[in-house]
Amino acid sequence: MAHLCWLRRDLRLHDHAALAHSLAEETTLVFVFDRHILDRLADADDRRITFIYQSLVEVETELRKRGSSLVVLYGRPEDEIPKLAARLRVSKVFWNRDYEPYAKDRDAKVERKLRSQNIEAQDFKDSVFFEAAEVTKNDSGIYKVFTPYKNKWLEKLSEQDHRIPEHKCDLRNLRKFSNTESILEADWYEAIGFRPNPPLLSGGTKAGRKRLKSFVDRLEDYESARNFPARPGTSSLSVYLRFGNLSVRDLLRTGLQNPSPGAKVWVSEIIWRDFYQMILDTHPYVEKGSFKPEYDKIKYPGTSAHFKAWCQGMTGFPIVDAAMRCLNQTGMMHNRLRMITASFLTKILLVDWRRGEQYFAQKLLDFDLAANNGGWQWSSSSGCDAQPYFRIFNPYSQSEKFDPSGEFIRLWVPELQDLNNKQIHHPDGKNGKYPPPIVSYQINRMRCLQMYSVVKKSADAN
Ligand SMILES: Cc1cc2nc3c(=O)[nH]c(=O)nc-3n(C[C@H](O)[C@H](O)[C@H](O)COP(=O)(O)OP(=O)(O)OC[C@H]3O[C@@H](n4cnc5c(N)ncnc54)[C@H](O)[C@@H]3O)c2cc1C
């Protein structure tokens, strides 16, 4: 009896539900560079490919120390996994569940093919702490508002005495490979049509653990520091969760073992992650449309020229431009800035939130369909538990409040470096090198309220 464990968004060898179970028998590990996903990536320098590559090299190095190796394939998983399973004559294939519509469809196809070959497939909860069916209302209904969801989530945690289980992986049962040549030493990037482009945060569990360890000292101050993009107030661990170099349980354990008001707020943010995964799992239509369907009636009059200026960080609104330039150059953006730029695109430039969502999906190192979609629908008011449509972030006051000395703006919009701490939030064309605002905030704020009136009318009619 031999097993195959298929790694996907869980690139680690510890606290891994599928791997822990698979290792009950001799196990081979495989990763597939999925053409369905890669073929849609427009940028040959996409940093996420390098992040994945770095993570795989780390996994493979650990496996080779134990006389084993990692099988790395390129193709369509529904072809590659059943083919490999047959070649290795395994009796079972293990993987961790993924709640994205594409992934659910892919996994169902792989499972069907395996069954037709008399090979079993088994999947596990791993990437979230609680799945949709575990945190429901008393009448089994699905929560659409975060706070009661969070309360129930915490209640479930206390029912298990706040214990965070660990899926221990006993690596002694790995399949031995006589061939010690690493498949990743060959020119993988070229073979799959990409070029190496190392991100600021390196991929791998070691790098993730180091970041988590350094964050523990700042955890206590999280609540007060987390809104200021110029400060290292947040953990920057989202990418390690996205690709599973760390488990969600690694983070929760850290949060619970270091109790403080800051840790409590941080754990809440991790619960938001479960919340959006639950929403995507139970309402897959949100991938394409508004959670609240009446919001799909809105006609966004924003122009392509304004969208382009937003993408390039050339809107004449310094905090927005600084955030977008930072995203373009690093693949990273602070949460406060994601809220400001998303609100600005939809409610001031009046551009459809889906265009912004797509742009973030191309650029963010930590891009995650559930969290990104949830964040955009929250910002554009079309989502569950979203901010009301008439709440419109003022980019000037947000800038004054959360980047008071303009430190973040100066870093990314060097044209404004010489302005004083007051002017830097409102350069208004005073600096010839920087564009004047492409729209009037006040006028477009009023246009936005008008634009959303179709929603109000349909709500009034109901
Ligand atoms: C428009 C918009 C788009 C977003 N797109 C993404 C995305 O593609 N991927 C992504 O991981 N997050 C996304 N977020 C959520 C949030 O901005 C990031 O998770 C956060 O900035 C990551 O930084 P951190 O690791 O330092 O977070 P911390 O503040 O240290 O939080 C710890 C962890 O909690 C989770 N988390 C925090 N806030 C949220 C949130 N609002 N929703 C869901 N999970 C959260 C993340 O996994 C994060 O790593 C988006 C938010 C908005 C408003």
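Order of listing sets the numbers, starting from 1, for every ligand and every atom in it. Side chains included, hydrogens not; waters and symmetry mates left out as well; all remaining heavy atoms used. Since we're looking at a predicted model, the values are computed, not measured.
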Visitor: What is the nearest protein non-hydrogen atom to atom 19 (O) of ligand 1, stated with its residue, atom name and distance?
Guide: S238 CB, 4.2 Å
Visitor: For the NZ atom of K308 and the OG1 atom of T315, what is their distance to the nearest 0.5 Å?
Guide: 14.5 Å
Visitor: For ligand 1, which atoms have a heavy atom of F367 less than 4.0 angstrom away?
Guide: 8 (O)
Visitor: Considering the heavy atoms of L237, write down every atom of ligand 1 situated less than 4.0 Å from one of them.
Guide: 25 (O), 49 (O)
Visitor: Under 4.0 Å between a Lys/Arg side-chain N and an Asp/Glu carboxylate O for K150 and D274?
Guide: no
Visitor: Which pair of non-hydrogen atoms, one from V351 and one from G302, has the smallest distance, and what is that distance?
Guide: CG2-CA, 3.9 Å
Visitor: Check the orientation of Y222 and F215. Use parallel for under 30°, tilted for 30 to 60°, and perpendicular for over 60°.
Guide: perpendicular
Visitor: Looking at atom 15 (C) of ligand 1, what's its closest protein heavy atom, distance included?
Guide: N335 OD1, 4.0 Å
Visitor: Between R9 and D368 (salt bridge meaning N to carboxylate O under 4.0 Å), is one present in this structure?
Guide: yes
Visitor: State whether D352 and K299 are salt-bridged, where the test is any N-O pair (Lys NZ or Arg NE/NH1/NH2 against Asp/Glu carboxylate O) under 4.0 Å.
Guide: no
Visitor: To the nearest 0.1 Å, how far is atom 9 (N) of ligand 1 from its closest protein heavy atom, and which atom is that?
Guide: D366 O, 3.0 Å
Visitor: Angle between ring planes, F275 versus W272, binned at 30° and 60°: parallel, tilted or perpendicular?
Guide: perpendicular
Visitor: Would you say the side chains of D428 and Y434 form a donor-acceptor pair under 3.5 Å?
Guide: no
Visitor: For ligand 1, note which part of Y276 has a heavy atom under 4.0 Å away: side chain, backbone, both or neither.
Guide: side chain
Visitor: Where does W266 meet ligand 1, judged by heavy-atom distances below 4.0 Å: at the side chain, the backbone, both, or neither?
Guide: side chain
Visitor: When rounded to the nearest 0.5 angstrom, what is the spacing between CZ in R336 and OG in S399?
Guide: 12.0 Å
Visitor: Can you tell me the protein heavy atom closest to atom 38 (N) of ligand 1 and the distance?
Guide: E269 OE1, 3.0 Å
Visitor: Going by the atom numbers of ligand 1, which of them fall below 4.0 Å from some non-hydrogen atom of L241?
Guide: 47 (O)
Visitor: Looking only at protein heavy atoms, which one is nearest to atom 8 (O) of ligand 1, and how far off is it?
Guide: D368 N, 3.0 Å
Visitor: S236 to ligand 1: N or O pair under 3.5 Å?
Guide: yes
Visitor: State whether the shortest distance between N or O atoms of T234 and N or O atoms of ligand 1 falls below 3.5 angstrom.
Guide: yes
Visitor: Return the residue, atom name and 0.1 Å-rounded distance of the protein heavy atom closest to atom 30 (O) of ligand 1.
Guide: S235 OG, 2.6 Å
Visitor: How far is atom 6 (C) of ligand 1 from its nearest protein heavy atom, and which residue and atom name does that atom have?
Guide: R338 NH1, 3.2 Å
Visitor: Please identify which atoms of ligand 1 are closer than 4.0 Å to at least one heavy atom of R273.
Guide: 43 (C), 44 (N), 47 (O)
Visitor: Is the shortest distance from a heavy atom of M339 to ligand 1 less than 4.0 Å?
Guide: yes
Visitor: How far is atom 3 (C) of ligand 1 from the closest protein heavy atom, and which atom is that?
Guide: N372 OD1, 3.3 Å
Visitor: Distance under 6.0 Å and angle within 45° of the ring axis: does R355 meet both against F307?
Guide: yes
Visitor: Classify the ring geometry of H283 against F291: parallel below 30°, tilted from 30° to 60°, perpendicular beyond 60°.
Guide: tilted
Visitor: Going by distance only, is there an N or O of S379 that falls short of 3.5 Å from an N or O of ligand 1?
Guide: no
Visitor: Using the six-membered ring wherever Trp is involved, compare the ring planes of H21 and H167 and label them parallel, tilted or perpendicular (cut-offs 30° and 60°).
Guide: tilted
Visitor: Please state which option from G375, A370, A371 has its nearest heavy atom closest to atom 10 (C) of ligand 1.
Guide: A371
Visitor: Between Y222 and ligand 1, find which residue part has any heavy-atom pair under 4.0 Å and reply side chain, backbone, both or neither.
Guide: side chain
